[in-house]
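To start, the structure itself, in structure tokens.
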Amino acid sequence: MTRGVCFLVSTRNNRTALALMAATCLLTAPAIAQEPKKGGTLNFAVVAEPPGIDCHGVTTFAFAHPGRPHYSTLLKFAGDHSNLKITGDLAESFEQAKDGLTYTFKLHKNVTFHDGAPMTSADVKASYDRIINPPAGVISVRKALHEDIREIETPDDYTVVFKMKAVNASMLTHFASPWNCIYRAAKLKEDPQFPSKTVLGTGAFQFVEYKKGEVWIGKRYDGYFRPGRPYLDGFRALFVKSNAVATGIIGGQFDAEFRGRTPKERDQIMEGLKDKATLIQGPWISSLLFTFNNSRKPFDDVRVRQALSMAVDRWGGAQNMSKITMLKYVGGLTRPGYEYNLPEDELVKLPGYGRDIEKSRDEAKRLLKEAGVSNLKIKLVNRNVGEPYIPGGIFLIDQWRRIGVETEHSVLETKLFFDAMSAGNFDVLMEFISDFADDPSAQFDKFLTAEKSSQAASRHQDKRLDELFDKQARTIDVVERKKLTQQFEKLAITQSYSASLLWWERIIVLNKKVKGWENQANHFTGQDLTDVWLDE
Amino acid sequence: MLGFIIRRLLLVIPTLLGVAVAVFFLIRVMPGDVVVVKLRADGAQVTEETIQAERKRLGLDKPMIVQFKDYMVGLVTGDLGKSLWTGESVAKEIAVRFPVSLQVSIMASLIAVFIAVPLGTLSAVYRDTWIDNVIRVMAVSGLAIPGFWLGMLIILGLLAFFNWLPKIGYVSIFEDPVTNLSALIWPALSVGFRYAAVVTRMMRSALLEVMREDYIRTARAKGVYQSLVIRRHAIRNALLPVVTVIGLEFAFLIGGLVVTEQVFNLNGIGKLFVDASTRGDFTLIQGLVLLIAAIFVLVNLIVDVLYAFLDPRIRLN
Amino acid sequence: MATATASPPSPTISANAIPTRENLVLQFIKAQPLGFAGFLIILMYFVFAIFANWIAPYDPEAVDFGAMLSSPGREHLFGTDQYGRDVFSRLVYGSRTALGVGIVSSLFGCTLGALLGAASGYFGGKIDTIIQSIVDIMLSFPLIVLAMVIVAVLGKSTFLGVDMNLVAAIAIPMIPRMARIARSSTLSIAQMPYIDAARAAGYSHSRIVVRHILPNIIAPYLIMTTAFIAQAILLEASLSFLGLGVTEPTPAWGLMLSGTSADFYKAAPWMILFPGLAITLAVFAFNLLGDSLRDWLDPKMKG
């Protein structure tokens, strides 16, 4: 069911769009009562191209959007971001032992692969073994995240038991990962690389065709194990450049794009489609960070880092930048609105989050002076990705100018960006967080020391953060874990080895006939299309 | 004639080999590699170990000299290798995208010829009159308008005034000519405009040159009606350099569609080239550069042969 | 025209055909009014580039959220962009980028090309074969493809405010094109009897090249350099448009059209119109001047 969260943004130039938005938000409400209809083909745009088709080896939404409907996972996420739950997908029921060291899954018994073979616990075991211990020639990108699993037992055809080496608070999230597709054990045995050549899953849709750079086609699988699903006859994922999405939706060439659009594109589509649009706007587990190179002077000085963070008017910036780009929310290290968040009244006391920007900038100038830094010139390395990296860079540079700091903006292609990142060839690096679930262990990863995390770019040596990180990662108790994560967040923001700029807003505009899709605050999950239907 | 063609074909080989070697080493000087883009671009938590494993799988861990040997052996046997991004064969990746680029180039050439030959002729015949000046200024501005901007104006114009845009996704002209042409005419126009300007200028100066030549003067002196002179003799001879320009521009075009395909969101080899180079897909870049160079060299060869064929005064050695 | 009467071995700017400097300018204006118009437009861009600090009413990089997407008017002559930056000021400063990159890369590429071509044509033999095969290889890379590869290969480095990486990317593809032309001009002269005579008289290569060859390729050199400036400006704009050239927030015309600017076509069409016009006018002016110079200096091309 669509529970559209509608944030009204006051755009100076677009009164009609505003009125339309308000109208659509009202219009979504009655949809809840509507009976889903069967049939029809969903056309949607994908703005990038996947480097491969093996769930275990890819990391991009460009695969998740066209690929995920063909597969099933053990668990999955259900609901929208405001009431997100982990539920069973292939698992009919599941249980986490009190000590957190055993997970037991009872599987649905009527599941078949698209070639007709029944799915059993052996397939689950083989698939997870492939993730944890990939055979030669197979790339498992999330191997390290599963290293706490000691062994997988299959007492019978429809029961799988995971035994853990240690408690891992994120384990259920991983079992619900959109990347942990279940493959057919017999095929993997013949050829471990089978999934990178052929799409064979148990999902609601059968694979039909993939034309490179053009289209990916799937059709409903009649043997799908959930009765009455899917509603759609099929889907067509069209690979287009980002700049063609708005016009494509208006022109009716496709009905949706599930990564997220800019506010301007939203206005354009809303105006073009008039009353034939559904707007779903909400949070996104994605943010921009600016990371200091702590091995370079003067960024090894906490006063300099704090000053540069305090120069940024996050509250004002959020208000204005959200009119032109997807940067919208002020937040710390976790997604604004997440249950583990630092409360706002605590956040505003931390450096860089004060509401009074003039005061904050005076303090920043004072700190710089105290640190003996004058005429600071910064090399900001950014990614050559239009939205929202470049706007974020323009904003940050302008904010620093206001305390007299000059910036050289070095915009690099993705491959050169990561090169500069690992070589430490930057003063400040514009980084990003983009995860498939709210999970402190995922979002905090970039704030650790280099020894602890391969994602960390800030080159600091502060072990306190690593210790807190480990503690929270091994604490299942929610209240206890929350205490630890908030401690981590406070320490990380105060030290500002890496500072959060703004969190993104996920703006999805659908043709109104598309129903049953929900924003799970990320662009990786919620894409199996089992519940999506067309009202036509 | 045949001997001439064979001699020229043999000369093509060292040039293409040079291109192949140059591109191999040029792109390997670039820092950063495809594996990082593949695994980390979307923010996944990937360990160094995984990255090394993928590099190994793709054979990027081999010494450069070994990679070079593999590449050369492949070239000799006609194998361009596999795309580092998709694992699909380079030849196949290119073959999927080539028809779009080829069709746009051909359409642009046709548009250019249809506009340029009459305009260039008019300009030459009415030299130094206002007609000539108007055409010349038009031609110079045709050269000046950036192709991507013209493309943007066309797209936004269609959208703003007609609320219509061509269908996304390539349909073969043999399958559905209407959809195909309604989508590809716009990029062809935006490229053809500049192209027409180049050819118009060439047509004008070639005609002027020819008209000065003795036999035209003789014909005129004999009292042959002027338009007949132009039609019979001048245009035919002036077409020679024009053919050259058309050929050269065509060869440039097919590689130069890079920007146009971005603007019009066409799934052609120009877009593929941009994608391949932002990803660092070495094998695909190599394949594409070789293909574009081969087209350039071959078109040059065809132009030369045609030239020799059209103008018997040129000796074939 | 006076220059048309110059003697064949030296068909260019021969001293006796051009009496005084004043006359030269006047003659050009009279003979090539269109070219002179182009020259005036170029002059305007130069004034913009040199005196940008005084002419631009706003700081071109200053973000002003209060003035987002303002329409053209008294406050902002050409309106503002989505960050509230003044479009006119960005265009004025953008002419620095365009002229800087355009002229430096064109001089670079044409000079190197002319030297290579002259050497190739003059010495002939092995040197000619080697240079020509390199030229052939370089020519078979399309301009923009070669430029993109070079941009990716070279690191970023700025010299006197001009991005040398970008300059190289634009200049290198020009070298073979200029070399071709210089070679054929040189060949036609090197075969003249008086050059043979000079050789026989034992004059050094350098003396022959400097005294006889170079003066004869100066005309094509000037013509090509002017024409290539236009090409270079276009190429810089295209590369910046593709996100491979100048980076934000530095003002550059092609960059102003890239990214999401097209999304603002309804709310702020001036963001798309003015930068495109700025590029077109500049390229147009250089082309006009280049054409007129050719007509004027090279009698062979005259009607």
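A, B, ... follow the sequence lines: proteins, then strands. Residue 1 opens every chain. Note that the structure is a prediction, hence the values are computed from the model and not measured.
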* In Å and rounded to the nearest 0.5 Å, what is the CG to OG1 distance from A:Asn384 to B:Thr278? -> 9.0 Å
* Asked: Using non-hydrogen atoms only, which part of B:Leu39 is less than 4.5 Å away from chain A: side chain, backbone, both, or neither?
  -> both
* Side chain B:Asn265, main chain A:Lys241, donor-acceptor under 3.5 Å -> yes
* To do: Could you tell me which portion of B:Lys271 (side chain, backbone, both or neither) has an atom closer than 4.5 angstrom to a non-hydrogen atom of chain A?
  => side chain
* To do: Starting at NZ of A:Lys211, measure out to CG of B:Asn267 and round the result to the nearest 0.5 Å.
  => 9.5 Å
* Asked: Side chain, backbone, both or neither: which part of A:Ser422 has a heavy atom under 4.5 Å from chain B?
  -> neither
* Asked: With a 4.5 angstrom heavy-atom cut-off, which part of A:Phe61 approaches chain B: side chain, backbone, both or neither?
  -> both
* Hey, could you give me the CD/CZ distance between A:Gln193 and B:Arg57, rounded to the nearest 0.5 Å? => 6.0 Å
* Who among A:Ser286, A:Gly251, A:Ala48, A:Pro50 has the most heavy-atom pairs with chain B under 4.5 Å? -> A:Pro50
* **Spacing of B:Lys38 atom NZ and A:Thr59 atom OG1 [to the nearest 0.5 Å]** => 10.5 Å
* Asked: When rounded to the nearest 0.5 angstrom, what is the spacing between NZ in A:Lys212 and CD1 in B:Ile94?
  -> 12.5 Å
* **Contact check, side chains of B:Leu159 and A:Thr247, non-hydrogen atoms, under 4.5 Å** => yes
* To do: Examine whether an atom of A:Gln455 lies under 4.5 Å from a heavy atom of chain B, and if so say whether it belongs to the side chain, the backbone or both; otherwise answer neither.
  => both
* Asked: Checking heavy atoms, do the side chain of A:Ala423, its backbone, both or neither come under 4.5 Å from chain B?
  -> neither
* Structure fact -> When the 4.5 angstrom heavy-atom criterion is applied to A:Val141 and chain B, the contacting part is both
* What part of A:Glu214 gets closer than 4.5 Å to chain B, counting heavy atoms only: side chain, backbone, both or neither? -> both
* To do: Using non-hydrogen atoms and a 4.5 Å limit, figure out which bit of A:Leu145 sits close to chain B: side chain, backbone, both or neither.
  => side chain
* Let me know if A:Ser441 has heavy atoms under 4.5 Å from chain B in its side chain, its backbone, both or neither. => backbone
* Report the option among A:Lys197, A:Arg383, A:Lys446, A:Arg142 that has the most heavy-atom pairs separated by less than 4.5 Å from atoms of chain B. => A:Arg383
* Applying salt bridge (Lys or Arg N to Asp or Glu O under 4.0 Å), which residue pairs with at least one partner in residues 46-66 of chain A are found, sequence neighbours left out? -> A:Glu49-B:Arg97, A:Asp54-A:Arg130
* Asked: Hey, mind stepping through B:Glu49 and A:Lys143 against salt bridge (charged side-chain N to carboxylate O under 4.0 Å, His left out) and telling me if it holds?
  -> CA-CA 10 Å; B:Glu49 185 199 345; A:Lys143 180 183 168 187; 3.2 Å; yes
* **Side chain, backbone, both or neither of A:Phe524 within contact of chain B (heavy atoms, under 4.5 Å)** => side chain
* Asked: What distance do B:Lys56 atom NZ and A:Ile139 atom CD1 have between them, rounded to the nearest 0.5 Å?
  -> 10.0 Å
